[in-house]
Protein chains: 2
Amino acid sequence: MPPLNRPRIVAAAIDLIEREGADAVSMRRIAADLGVGVMSLYNHVPNKSALLDGVSESILSEIEFTDDPAAPWTERVRMQARAFRQIAHSHPRSTMVVVSRQLKSAAGMLPVERALSTLRGAGFGEQEAVQIFRVFIAYVIGSLLREVGVTPTFAPVHGTIRAGDVDPELFPEIGALAPHLSTCDHEAEFDFGLDLLIAAIAGRLAGRTG
Amino acid sequence: MPPLNRPRIVAAAIDLIEREGADAVSMRRIAADLGVGVMSLYNHVPNKSALLDGVSESILSEIEFTDDPAAPWTERVRMQARAFRQIAHSHPRSTMVVVSRQLKSAAGMLPVERALSTLRGAGFGEQEAVQIFRVFIAYVIGSLLREVGVTPTFAPVHGTIRAGDVDPELFPEIGALAPHLSTCDHEAEFDFGLDLLIAAIAGRLAGRTG
DNA sequence: CTGTCGAGACGTACAGCGTACGTACGGGAG
DNA sequence: CTCCCGTACGTACGCTGTACGTCTCGACAG
């Protein structure tokens with residue numbers, strides 16, 4: 001039995017979240033999965049909150065930025081957003097944990113640095129770069145939370161809405177569009193909105209310089 | 001003492017959430033606030049989850065759609081997004097509860113119906129309208145969660161990042177942009193992204209019809 | 001008026017939670 | 001050898017949601 005340590009505890013937490021969901025995470029359960037007493041965990045992790053921070057940090061640090069400096073900035077922005085989405089997608093049930101924890105560590109700030117650097121390099125002003133950055137973050141997080149089922153509100157997922165379930169008098173559009181509302185190619189729709197946003201800010205930049 | 005009933009319980013829950021946060025919500029606490037035994041609540045609400053659904057529904061039903069049919073569709077979309085944001089803002093600490101519960105009731109579907117109707121009326125195709133709708137939902141929810149502090153990730157709020165806190169060698173952009181990252185005019189930034197998105201889809205429509 | 005009945009308020013109880021605290025053990029330092 | 005400290009662990013406290021049984025009270029039948 002290898003010694004108990006923080007990375008092993010964090011890994012067990014991620015594993016548990018992916019197997020049974022974030023609600024199943026408890027210190028007792030993690031300890032049981034590790035074959036260890038509950039309180040032994042506290043020798044390596046100050047509390048549950050810090051453990052979840054560790055989960056977020058661990059997942060975040062998996063992001064691989066294959067950032068080609070020669071590529072146009074629009075492509076680099078697209079790739080960064082996709083890289084983030086892909087990591088979240090490889091740990092779907094941990095996504096809510098990742099995005100709901102503000103990390104001050106390097107793992108949390110590196111993606112921010114990359115994005116801001118790309119936007120500044122593209123020619124956006126200081127405040128402008130930050131605003132655009134925030135718009136992208138909002139879109140990416142909003143999309144991810146819908147994809148993983150945390151915020152299904154207003155975006156019924158597969159099987160939730162069928163044409164017969166809604167009163168076509170009260171909700172004619174929902175009834176008519178039920179086939180489209182009940183299916184979703186997440187990746188294609190993510191790219192759809194991403195392209196929309198990139199085109200919008202590219203137009204902003206073009207309108208100024210030329 | 002008025003009789004215990006579901007609306008009174010839901011109102012107490014909303015009040016408690018706004019005063020002490022969603023984590024403070026427990027059946028015992030709500031019962032105590034109402035001066036009532038814990039189990040009495042279960043005569044009017046089947047369980048805690050249904051109670052939170054009631055919270056979401058109650059807040060959602062406060063949305064007032066002042067939807068001028070004569071206004072251009074771009075303006076109507078903007079107004080609907082703002083109306084949603086404003087309601088969330090008037091119950092900030094309940095926002096996460098509202099957006100994380102999928103409601104099949106009329107209160108939950110009315111905003112969807114309005115938005116889809118507006119987009120279809122603007123001339124977008126069936127699948128296109130749904131996709132655009134989802135993009136807006138993602139942006140709005142992502143923005144709201146950041147504004148209310150649920151997902152501060154990658155978007156440090158006031159006071160979180162100061163210039164001296166970051167290693168300017170590792171994170172030069174974050175250091176340089178710290179003044180802008182640490183402040184945020186939420187309403188202006190929300191409108192900034194909203195205008196960006198509206199302009200993007202308007203361009204899409206214009207490019208097709210003429 | 002009396003007997004009955006149903007609905008709602010309530011107390012108790014159970015399993016689970018995070019974690020503060022005290023204890024026991026095992027290996028390195030002197 | 002002894003000492004000491006970090007680690008593992010058990011126990012305990014106050015909290016959670018809620019299943020279950022009981023009690024009270026108003027309405028209605030006879």
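Small disclaimer: the values here were computed from a predicted structure and weren't measured. Every chain is numbered from 1, with letters handed out A, B, ... down the list of sequences.
- Annotation for Gln86(A): atom CD does not count as buried by contact number, only 12 or fewer foreign heavy atoms lying within 6.0 Å.
- Computed from coordinates, the Leu41(A) CG to dC17(C) P distance equals 12 Å when rounded to whole Å.
- Taking atom CG on Asn5(B) and atom P on dA7(C), their separation rounds to 17 Å, with Å as the unit.
- Val25(B) comes within 4.0 angstrom of the backbone, heavy atoms only, and of no base.
- The CG-P distance, from Asp23(A) to dA15(C), rounds to 21 Å in whole Å.
- Side-chain N/O atoms of Asn43(A) include none lying less than 4.0 angstrom from OP1 or OP2 on dG6(D).
- The distance between atom OH of Tyr42(A) and atom P of dT7(D), rounded to the nearest whole Å, is 17 Å.
- Toward the 5′ end of DNA chain C lies the nearest nucleotide of Arg29(A), the other residue of the pair Arg29(A) and Pro46(A) mapping further downstream.
- Side-chain N/O atoms of Glu18(B) and His91(B) include no donor and acceptor closer than 3.5 Å.
- Rounding to whole angstrom units, CZ of residue Arg6(B) and C1' of dA9(C) are separated by 19 Å.
- Listed nucleotides dC17(C), dT16(D), dT11(D) differ in distance to Met39(A); the shortest reach to its side chain belongs to dT11(D).
- Computed from coordinates, the Arg8(A) CZ to dT7(D) C1' distance equals 14 Å when rounded to whole Å.
- With dA9(C), dT16(D), dG18(C) as the choices, the nucleotide that has an atom nearest any side-chain atom of Ser40(B) turns out to be dA9(C).
- Look at CG on Leu4(B): it is 13 Å from C1' on dA7(C), rounded to the nearest Å.
- Within the 4.0 Å cut-off from OP1 or OP2 of dG6(D), not a single side-chain nitrogen or oxygen of His44(A) is found.
- The side chain of Lys48(B) approaches dT16(D) more closely than any other nucleotide in the set dA8(D), dT16(D), dG8(C).
- On a pure distance criterion of 3.5 Å, a polar donor-acceptor pair joins the side chain of Arg28(B) and the base of dT18(D).
- Ion pairing between a basic and an acidic side chain is recognised when a charged N comes within 4.0 Å of a carboxylate O; Arg101(A) and Glu57(A) show no such pairing.
- Nucleic acid contact class of Val38(B) (heavy atoms, under 4.0 Å, all strands): base.
- As a whole-Å value, the separation of Met27(A) CE from dC21(C) C1' is 16 Å.
- Salt bridge Arg19(A)/Asp33(A): present, at least one basic N to carboxylate O contact under 4.0 Å.
- Aromatic ring orientation, Tyr139(A) versus Phe190(A): parallel (interplanar angle below 30°, classes split at 30° and 60°).
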